[in-house]
Amino acid sequence: MTEPIQIKTKLAGNPSQEPQFKTYVKSKDGRQIPVADPRATRALVSLMDMNAVLGGAASHYGGPAALAELMSALHGHVFDVAAREKKQWHELFHIVNDAGHCENGLYALKANYQMAGLTLESLKKFRSIESGLTGHGEVHCFPEGVFISNGPLGSAFPQTQGVAMGEAISGRNRVTVTTISDGACMEGEAKEAFAAIPGLAATGKMGPYVLIISDNNTKLSGRIDAESFSMTPTFQSLKTLGWNVITLAEGNDLQKCYDTLVTAIEQAKANPKAPVVIHAKTVKGIGTKKTAESATGAHGFPLKSPTELPAFLSEIYGGENLPAVYGTWIEELHKWEAEIKANAVKDTGEKIQVGVSSAMIRARKAGLPVLSVTSDLPGSTGVAGFRKEFPQDSFDVGIAESNMVSVAAGLTKLGYIPVVDTFAQFGVTKGALPLTMGALSEAPVIAIFSHTGFQDAADGASHQALSYMAMVSSIPHVDVYSLSCSEEADALVYAAIENFAKALREGQVPHSSIFFLGRENFPKSYAQVSAYDLKKAQVLLDTANDKAKSVTIATTGSLVPQALQAAKTLEAKGYGAVVVNCACVNHIDVATVKMALEKTQGRLVTAEDHQVIGGFGQMLSHALLQADVTFTVKSLGVKGEFGQSAYTAADLYAKHKVDAAAIVEATGLFFQKSGAW
C-alpha cells in the first residue's frame with residue numbers, strides 16, 4: 001500500500017443533535033433511526049428559494065424535491081453508522097453530490113441537523129454575495145459542507161473515480177457514495193466514468209462505490225425522451241458494463257430508500273470489485289400536484305411572491321399544521337417584498353437574447369438553411385423563439401455540449417448553417433475541442449453562448465465563465481464577439497449567418513462565429529447608429545472635445561452600461577471620456593480605438609467581466625502595440641480569482657472592481673500625480 005500525505009479534512013463532523021424536523025425509518029435490527037423529514041427539506045428549499053427570488057436570483061425546487069427521501073435516508077444511515085462505530089462520518093464515507101442544482105436540498109438538510117455551521121437563519125442568505133451557500137456546491141465557499149465542487153452536470157462524478165481509487169491504494173476503503181441526475185448521465189465525461197469505474201473495480205483498483213441515479217425523465221426544457229431521446233438504453237447498459245444494478249422503483253418512499261441504500265452499501269463493502277448503482281425512479285417537483293406534473297418538474301422555483309407560500313407549504317405537508325418557524329419566515333419575506341416594491345425602479349430594458357432569436361428567424365425566412373442544435377438551454381440562450389417557429393429545423397442532442405458542437409460541424413459539411421447554444425461556461429470548456437476539430441475539418445459553426453462572466457450571478461463560480469474569450473479567441477478561423485444589447489445582437493448575428501451562407505455558396509470555408517452575451521436586461525440599444533458592422537467598433541459616447549483632461553474607456557459586452565455610467569460620472573467631475581464598444585474581441589478595430597486615444601492623450605482604461613489574463617484588455621493592448629500606437633493603460637478585470645453566488649451581477653462587478661466606480665477610480669490614477677483629481 002502507498003501511503004498518501006495526510007490532509008486534515010475541512011468537512012464538518014457528526015451532527016451533535018437529531019434533526020429539528022424529523023421522522024423515522026426502521027433499521028434491519030428493528031431500531032428507529034431519526035432522519036430529516038423530507039417534507040421539511042422541500043419546505044426549507046421553498047423558503048430559501050423565495051429569499052433568492054426576491055433578491056433577484058433564479059433558484060431550483062424540482063431536483064432537490066425529487067432527492068429529498070434519498071438524501072434523508074443516506075445521511076440518516078451514515079450518521080447512525082458513525083455514531084455506533086464511534087467515528088466521524090467522513091472517516092467511513094465520502095458523500096459527493098453531482099446534481100448541483102440539488103445542493104440547496106443538502107443545505108436545508110444540514111441546517112435541519114444544525115451541522116457544518118448552518119442554521120435555519122443562515123439559509124436566508126442562500127445565493128447572496130454574503131453567503132457561502134452558493135447556487136451549486138463549491139468547496140472554496142463552503143468547505144465544511146462540500147467535498148467536491150459541482151455545478152456543470154456530470155463534472156463531480158468523474159472526480160470520484162480518483163477518490164475511490166485512492167481508497168483502494170491506501171487500503172482504507174471508505175465507501176464512496178455519489179448522487180447524479182439522469183440529465184447529467186447524458187454528458188460525455190459521465191459516460192466515460194460509467195465505463196471506467198466497473199472496469200477498474202474488476203481489477204481491484206477501486207474502493208467500495210455506490211452511485212445513486214435520480215431518474216425522473218426530466219431536464220430543464222422538459223421530458224428527456226420527448227425533447228431529445230430516451231435514456232432507458234443507457235441505464236440498461238450499466239449491468240453489461242459491470243455495475244451491480246439495484247432498481248428502486250419508488251425513489252420517493254423514505255423507508256424503501258433507506259432499505260435500498262443500506263443494502264447497496266453492504267454489497268459494495270462486501271465486494272468492491274462490483275460497484276453498485278441504485279437506479280431510482282423519482283418524481284421531479286414532488287410535493288405539490290402542479291410542480292410534480294409540470295413538464296419541467298418545476299426545475300426553477302415556481303413561486304413569484306411570499307403570498308403563495310402558505311398554500312404551497314401546506315400542500316407539501318398534506319394539510320397538516322405547519323411549524324411556527326415557517327410562518328415567522330414568511331412574515332419576514334412579506335416585509336422584504338413590500339420594501340422592494342416601495343423602492344422599485346422600472347426596468348425599461350430587454351434581454352439581448354431577443355435579438356438573437358429575431359436574427360435567426362429573419363435568416364430562416366429569407367431562405368437560408370439555418371438549423372438549431374441545442375443541449376437543453378434554448379430558453380436561456382435566446383434560440384427558443386426560433387425553435388418554436390421552426391420545430392422541424394430544431395434538434396436537442398440532450399445535455400451534451402461537446403456532442404452538440406460536433407453534430408453541428410457534421411451538418412455544416414452538408415451545407416447547412418447550424419447554430420449551437422448553451423451557457424458560455426459550458427460552451428467554451430466542453431466545446432473548445434469540438435470547435436477546434438470543426439475548424440480543422442473545414443466545418444465551422446455559429447455559437448450563441450450566454451450568461452457570460454458574472455452575468456450568471458446566482459449560480460456561482462462553476463457557471464461563471466471568466467475565461468470565455470481566452471479559451472476560444474486563439475482557435476484558428478474563429479471570430480469572437482461580445483454582445484451588449486438586443487439591437488446589436490439582431491444585426492451582428494444576422495450578418496454572420498449571411499456571411500456564412502455567402503461563403504458556402506462561393507465554395508469557400510466560412511469562419512466560426514461565437515457570440516457571447518449576458519443574462520440580465522440591457523437597453524435595446526446604446527447609440528443611434530446607421531449600421532452595425534462585424535468588423536467595426538462603436539464610439540457610444542464622446543465627452544472629450546471640450547475637456548482638458550480625458551480618457552478612452554474601451555469595453556465590450558455586459559460592461560458597456562458600466563462604462564457609460566462611468567463616463568457620466570467623470571463628466572460631472574469635469575473630465576471627458578470616449579466610450580468605445582468593441583464587439584469583436586479577437587480581431588480588434590485598431591483604427592477606431594486609435595482615433596479615440598488621439599483625443600484623450602493616449603490614456604486608456606479597459607474593463608471586462610473576464611480574467612485579466614488572456615482577456616479583452618490584453619488582446620486590445622497587444623493589437624495597439626503591434627500598430628505602434630502610443631498609449632498608457634489601466635486594465636480592469638478579474639485578477640486570478642473564482643466568483644461566487646450573488647443576487648445580481650452588480651454585486652460581483654463591485655467586489656471585483658470592474659464596475660463604473662472602479663472605472664472612475666482607475667481614471668483618477670492618470671491625474672493624481674498632478675493633484676488634479
Side-chain angles (χ1 to χ4, degrees), residues 23-28 33 35-39 41-42 62-81 93-99 101-102 105-106 109 153 157 160 175-186 190 193-194 197-198 201 208-219 223-225 230-271 274-287 292 297:
T23 185
Y24 295 88
V25 293
K26 189 175 182 180
S27 67
K28 288 184 178 180
I33 309 296
V35 298
D37 186 343
R39 299 177 304 175
T41 297
R42 294 184 183 106
L67 275 170
E69 282 80 11
L70 282 160
M71 291 296 95
S72 290
L74 173 62
H75 286 79
H77 174 62
V78 165
F79 296 152
D80 177 58
V81 171
F93 296 90
H94 299 293
I95 299 177
V96 176
N97 174 39
D98 186 281
H101 54 285
C102 302
L106 293 176
L109 184 146
L153 299 181
F157 170 40
T160 64
V175 182
T176 300
V177 184
T178 305
T179 308
I180 192 169
S181 67
D182 49 354
C185 294
M186 306 178 90
F194 275 134
I197 289 173
Y209 195 99
V210 175
L211 179 67
I212 303 167
I213 299 174
S214 176
D215 177 12
N216 39 61
N217 189 34
T218 314
K219 56 190 180 73
R223 301 301 176 188
I224 291 175
D225 57 1
S230 173
M231 287 294 290
T232 299
T234 295
F235 298 138
Q236 290 175 337
S237 72
L238 296 179
K239 183 176 181 180
T240 303
L241 287 172
W243 289 87
N244 173 9
V245 181
I246 299 177
T247 301
L248 175 58
E250 297 174 77
N252 294 113
D253 182 304
L254 180 59
Q255 185 63 52
K256 289 181 179 178
C257 287
Y258 178 83
D259 294 340
T260 302
L261 279 160
V262 171
T263 298
I265 290 170
E266 288 176 348
Q267 291 182 3
K269 291 174 68 175
N271 182 16
V276 180
V277 58
I278 299 172
H279 180 207
K281 296 294 291 185
T282 58
V283 178
K284 191 170 183 180
I286 191 171

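Positions are given from 1, in the same order as the sequence printed here.
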Backbone of Asp225 reached by a side-chain donor or acceptor of Asn217 within 3.5 Å: yes
With sequence neighbours excluded, residues passing side-chain hydrogen bond (donor to acceptor under 3.5 Å, both in side chains) with Glu266: Lys28
State, yes or no, whether a side-chain contact exists between Met71 and Thr41 at a heavy-atom distance under 4.5 Å. no
Any side-chain heavy-atom pair of Leu238 and Ile213 under 4.5 Å: yes
All heavy atoms of Cys102 vs all of Asn97, minimum pair found to be C-ND2, 4.2 Å
Taking the side chain as every heavy atom from C-beta outward, state whether Ile212 and Leu261 have any pair of such atoms under 4.5 Å apart. yes
What's the shortest heavy-atom distance between Ile180 and Cys185, and which atoms? CG2-SG, 4.0 Å
If every non-hydrogen atom of Thr23 is compared with every non-hydrogen atom of Ala36, which pair is closest and at what distance? CG2-O, 4.3 Å
CD1 on Ile265 to CD1 on Ile278, rounded to 0.5 Å: 7.5 Å
State, with a plain yes or no, whether a side-chain heavy atom of Val78 is found less than 4.5 Å away from one of Ile95. yes
A side-chain contact here means heavy atoms from C-beta on lying under 4.5 Å apart; do Asp182 and Phe235 qualify? yes
I'd like to know whether Leu74 forms a side chain to side chain contact (heavy atoms under 4.5 Å, CB included) with Val177, so could you lay out the CA-CA distance, the side-chain angles of the two residues, the decisive distance to 0.1 Å, and finally the verdict. CA-CA 9 Å; Leu74 173 62; Val177 184; 3.9 Å; yes
Between Ala190 and Phe157, the two heavy atoms sitting closest are O-CE2, 3.5 Å
Report the C-alpha separation of Thr160 and His94 in whole Å, then their side-chain angles, then the decisive distance to 0.1 Å, and conclude whether the side chain to side chain contact (heavy atoms under 4.5 Å, CB included) test is met. CA-CA 9 Å; Thr160 64; His94 299 293; over 6 Å; no
Would you please name every residue forming a side-chain hydrogen bond (donor to acceptor under 3.5 Å, both in side chains) with Thr178, sequence neighbours left out? Tyr209
Among Ile246, Leu241, Thr240, which one satisfies side chain to side chain contact (heavy atoms under 4.5 Å, CB included) with Trp243? Leu241
Ala264 and Val210: which non-hydrogen atoms are nearest, and at how many Å? O-CG2, 3.8 Å
With a 4.5 Å cut-off on side-chain heavy atoms, are His77 and Val81 touching? yes
Is there a side-chain hydrogen bond (donor to acceptor under 3.5 Å, both in side chains) between Asn216 and Thr282? Walk through the geometry before answering. CA-CA 5 Å; Asn216 39 61; Thr282 58; 3.0 Å; yes
4.5 Å side-chain heavy-atom contact, Thr234 and Met186: no
Check step by step if side chain to side chain contact (heavy atoms under 4.5 Å, CB included) holds for Met231 and Asp215. CA-CA 9 Å; Met231 287 294 290; Asp215 177 12; 5.8 Å; no
What side-chain donor-acceptor pairs closer than 3.5 Å can you find for residues 251-260, not counting sequence neighbours?
{"residue": "Asn252", "atom": "OD1", "partner": "Val283", "partner atom": "N", "Å": "2.9"}
{"residue": "Asn252", "atom": "ND2", "partner": "Ala66", "partner atom": "O", "Å": "2.9"}
{"residue": "Asn252", "atom": "ND2", "partner": "Glu69", "partner atom": "OE1", "Å": "3.0"}
{"residue": "Asp253", "atom": "OD1", "partner": "Gln255", "partner atom": "N", "Å": "3.2"}
{"residue": "Asp253", "atom": "OD1", "partner": "Lys256", "partner atom": "N", "Å": "3.0"}
{"residue": "Gln255", "atom": "OE1", "partner": "Lys26", "partner atom": "N", "Å": "2.9"}
{"residue": "Gln255", "atom": "NE2", "partner": "Lys26", "partner atom": "O", "Å": "2.9"}
{"residue": "Gln255", "atom": "NE2", "partner": "Asp259", "partner atom": "OD1", "Å": "2.9"}
{"residue": "Lys256", "atom": "NZ", "partner": "Glu250", "partner atom": "OE1", "Å": "3.4"}
{"residue": "Lys256", "atom": "NZ", "partner": "Glu250", "partner atom": "OE2", "Å": "2.3"}
{"residue": "Thr260", "atom": "OG1", "partner": "Lys256", "partner atom": "O", "Å": "2.7"}

Specify the closest pair of heavy atoms between Thr218 and Gly297, including all atoms of both residues, with the distance to one decimal. CG2-N, 3.8 Å
